[in-house]
Engineer: 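Sharing a structure below in structure tokens format, with a few things to ask.
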Amino acid sequence: VLAFFFLMVTAGFAEAGSFKENLIPVPGDANVLILINAAQARQSEYARQLRAEHGGTPIMDQSILSAPNVERIVTAAKLDLATGEPVWELGVVSTTNEPSLPNLAKYLGGRLDTIDECAALQLPINAYIVALGPRLVGVKSPADRQAIAAWARDARTRSDVSVSEYLKEMAVFPEQTGTDLIMALDLSNVVGVAASQAFLTKSKTLAGKNIDIDELTRLLTSVRGATLGVRILDKPHAKLRIDFGQDAAALTPVAKELILEILANQGATIDEL
């Protein structure tokens, strides 16, 4: 939806600014946050290489990232971490000019609407697109019209960011360090003592090692969140950061192997790690 949407608007360019206006519409119960500095990413050497290799056309030509009028993108979700299923999902995109919902409707179908005085488009994929400001657009699912209206009203009247403290801390990196993409997952109060002990007792990584299971259990249950940061230079460079509520020194001998085992158990094995 986002990809088609921003191919419909007139091309333009402006330097990316603060992510605050994109973050304000994100509900406070979000536990997943992704921030993309699209304008900056398009200026990278990697993007220039892709354009050169493909005759001046970005390889992601149908992607929101290659639309020259897109400045910043924030996507967020409330994820049920027990099932992996989202309770709700949304995207908030700032652009250099005002997109046309009628034009978008011609390509995506759906029905034009007005929700709480905001121009909107009900899509046939269980989502709404809502104009939150002159150059700020939100996409939210599921398409519960009453819930969408409450969200749009709250997004336009709230003056500050309401996501968790952990997500707020991670959201400053694009502006402080020039990171092109931040993916943050709030894990506070997710890991329980019993589940942690059961996993560590059976862990292949810890088998035969002189590791204090009780100390490691206390550490894992203090986990605050995990964040992946990507900087796009001549190629994408990424770092994975995991934050705890106490000293993580106990993980030093087994950190990498244990993290890979945890990811594998969650069906999230990543070869690059």
Side-chain angles (χ1 to χ4, degrees), residues 19 22-23 25-36 73-92 125-127 138-144 147-148 150-151 154 161-173 179 181-206 213-230 238-246 248 250-251 254-273:
F19 274 91
N22 301 72
L23 287 165
V26 178
D29 62 340
N31 56 7
V32 180
L33 194 61
I34 302 174
L35 293 84
I36 304 171
I73 307 163
V74 167
T75 64
K78 168 63 176 177
L79 192 66
D80 183 336
L81 293 171
T83 66
E85 295 297 320
V87 178
W88 55 259
E89 300 172 281
L90 66 80
V92 181
I125 57 168
N126 193 28
V139 183
K140 193 168 189 296
S141 175
D144 178 333
I148 296 290
W151 166 66
D154 188 49
V161 178
S162 64
V163 297
S164 70
E165 287 304 313
Y166 180 77
L167 295 182
K168 283 182 184 178
E169 289 175 23
M170 299 303 107
V172 303
F173 281 98
T179 309
L181 184 148
I182 286 287
M183 303 174 64
L185 175 63
D186 188 332
L187 295 172
S188 56
N189 299 309
V190 168
V191 181
V193 172
S196 178
Q197 284 183 331
F199 166 74
L200 293 173
T201 301
K202 299 178 181 178
S203 169
K204 295 178 181 179
T205 300
L206 302 183
I213 297 296
D214 291 335
E215 182 181 5
L216 211 52
T217 293
R218 287 191 293 273
L219 176 60
L220 292 187
T221 54
S222 77
V223 66
R224 299 184 63 221
T227 298
L228 181 72
V230 181
K239 288 185 178 181
L240 176 64
R241 163 179 172 153
I242 301 176
D243 293 279
F244 297 90
Q246 64 184 59
L251 271 175
V254 295
K256 183 175 181 178
E257 291 78 9
L258 191 63
I259 290 168
L260 292 175
E261 184 177 356
I262 291 171
L263 288 173
N265 284 356
Q266 297 300 316
T269 300
I270 301 172
D271 290 341
E272 288 77 5
L273 292 179

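None of the values given here were measured: they were computed from a predicted structure.
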Engineer: If you compare all heavy atoms of A143 against all heavy atoms of A127, which two are closest, and at what distance to 0.1 Å?
Structural biologist: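 Result for this residue pair: CB-N, 3.5 Å.
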Engineer: Can you name the nearest heavy-atom pair linking A238 to L228, along with the distance?
Structural biologist: CB-CD1, 4.1 Å
Engineer: Donor-acceptor check, side chain of T201 to backbone of A198, threshold 3.5 angstrom: yes or no?
Structural biologist: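 Pair absent, no side-chain N/O of T201 close to backbone of A198.
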Engineer: Indicate the atoms forming the closest heavy-atom contact of A76 with V26, along with that distance.
Structural biologist: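 Nearest pair, atom of A76 first, then V26: CB-CG1, 3.6 Å.
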Engineer: Flag the pair L23 / L167 as yes when at least one side-chain heavy-atom distance between them is below 4.5 Å, and no otherwise.
Structural biologist: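 Contact flag for L23/L167 side chains = no.
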Engineer: Where is the tightest heavy-atom contact between W151 and G138, given as atom of each residue plus distance?
Structural biologist: CH2-CA, 3.9 Å
Engineer: Identify, with sequence neighbours excluded, every residue that meets side-chain hydrogen bond (donor to acceptor under 3.5 Å, both in side chains) alongside S203.
Structural biologist: E261
Engineer: So, taking the atom named CG in L79 and the one named CH2 in W88, what distance separates them when rounded to the nearest 0.5 Å?
Structural biologist: 10.5 Å
Engineer: Just jot down the side-chain contact (heavy atoms from CB on, under 4.5 Å) partners of T227, sequence neighbours excluded, or say none.
Structural biologist: Y166, M170, I182, A184
Engineer: Looking at V92, is its backbone amide N or carbonyl O close enough to the side chain of N22 to form a donor-acceptor pair, meaning the two atoms are under 3.5 Å apart?
Structural biologist: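 Judged by distance alone, yes, a pair lies under 3.5 Å.
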Engineer: Please evaluate residues L220 and V223 with respect to the criterion side-chain contact (heavy atoms from CB on, under 4.5 Å), reporting the C-alpha separation (whole Å), side-chain torsions for both, the decisive distance (0.1 Å), and the verdict.
Structural biologist: CA-CA 5 Å; L220 292 187; V223 66; 6.0 Å; no
Engineer: Starting at CG of L240, measure out to CG of L263 and round the result to the nearest 0.5 Å.
Structural biologist: 7.5 Å
Engineer: Measuring from atom CD1 of I259 to atom CD1 of I242, what distance do you get when rounded to the nearest 0.5 angstrom?
Structural biologist: 3.5 Å
Engineer: Scan the side chains in residues 186-195 for donor-acceptor partners under 3.5 Å anywhere in the protein, sequence neighbours excluded, and list what turns up.
Structural biologist:
from	atom 1	to	atom 2	distance (Å)
D186	OD1	S188	N	3.0
D186	OD1	S188	OG	2.7
D186	OD2	S164	OG	2.6

Engineer: Can you measure from CD (E257) to CG (L251) and round to the nearest 0.5 angstrom?
Structural biologist: 11.0 Å
Engineer: Please list, chain by chain and in numerical order, all residues satisfying side-chain hydrogen bond (donor to acceptor under 3.5 Å, both in side chains) with D144, sequence neighbours excluded.
Structural biologist: none
Engineer: Measuring from atom OG1 of T179 to atom CG of L181, what distance do you get when rounded to the nearest 0.5 angstrom?
Structural biologist: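 Answer rounded to 0.5 Å: 9.0 Å.
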Engineer: Check side-chain contact (heavy atoms from CB on, under 4.5 Å) between S162 and all other residues, then give those that pass, not counting sequence neighbours.
Structural biologist: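 side-chain contact (heavy atoms from CB on, under 4.5 Å) list for S162, sorted by chain: R158.
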Engineer: Who pairs with K168 by side-chain contact (heavy atoms from CB on, under 4.5 Å), at least two apart in sequence or on another chain?
Structural biologist: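 Listed in chain order: V161, V163, E165.
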Engineer: If you look at every heavy atom in L90 and P25, which pair is closest and at what distance?
Structural biologist: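 Where L90 meets P25 most closely, the heavy atoms are CD2-O, 4.3 Å.
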Engineer: Rounded to the nearest 0.5 Å, what's the gap from CZ on R241 to CZ on F173? Could you check?
Structural biologist: 4.5 Å
Engineer: What pairs with E169 under side-chain hydrogen bond (donor to acceptor under 3.5 Å, both in side chains), at least two apart in sequence or on another chain?
Structural biologist: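 Once residues adjacent in sequence are excluded, the partners of E169 under the side-chain hydrogen bond (donor to acceptor under 3.5 Å, both in side chains) criterion are R224.
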Engineer: Working note: L216 + L206, criterion side-chain contact (heavy atoms from CB on, under 4.5 Å); need CA distance, chi angles, decisive distance, verdict.
Structural biologist: CA-CA 11 Å; L216 211 52; L206 302 183; 3.9 Å; yes
Engineer: Taking all non-hydrogen atoms of both residues into account, name the closest pair between D214 and Q197 and its distance.
Structural biologist: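 Taking every non-hydrogen atom into account, OD1-NE2, 3.5 Å.
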Engineer: By side-chain contact (heavy atoms from CB on, under 4.5 Å), which residues pair with E215, not counting sequence neighbours?
Structural biologist: D212, R218, A250
Engineer: Would you sort out whether T75 and E89 count as a side-chain contact (heavy atoms from CB on, under 4.5 Å), showing the intermediate values?
Structural biologist: CA-CA 8 Å; T75 64; E89 300 172 281; over 6 Å; no
Engineer: Does the side chain of D154 come within less than 4.5 Å of P27's, by heavy atoms?
Structural biologist: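 When only atoms from C-beta onward are counted, D154 and P27 do not touch, as no gap falls below 4.5 Å.
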Engineer: Is the shortest side-chain heavy-atom distance between I262 and F199 below 4.5 Å?
Structural biologist: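 Yes, side chains in contact.
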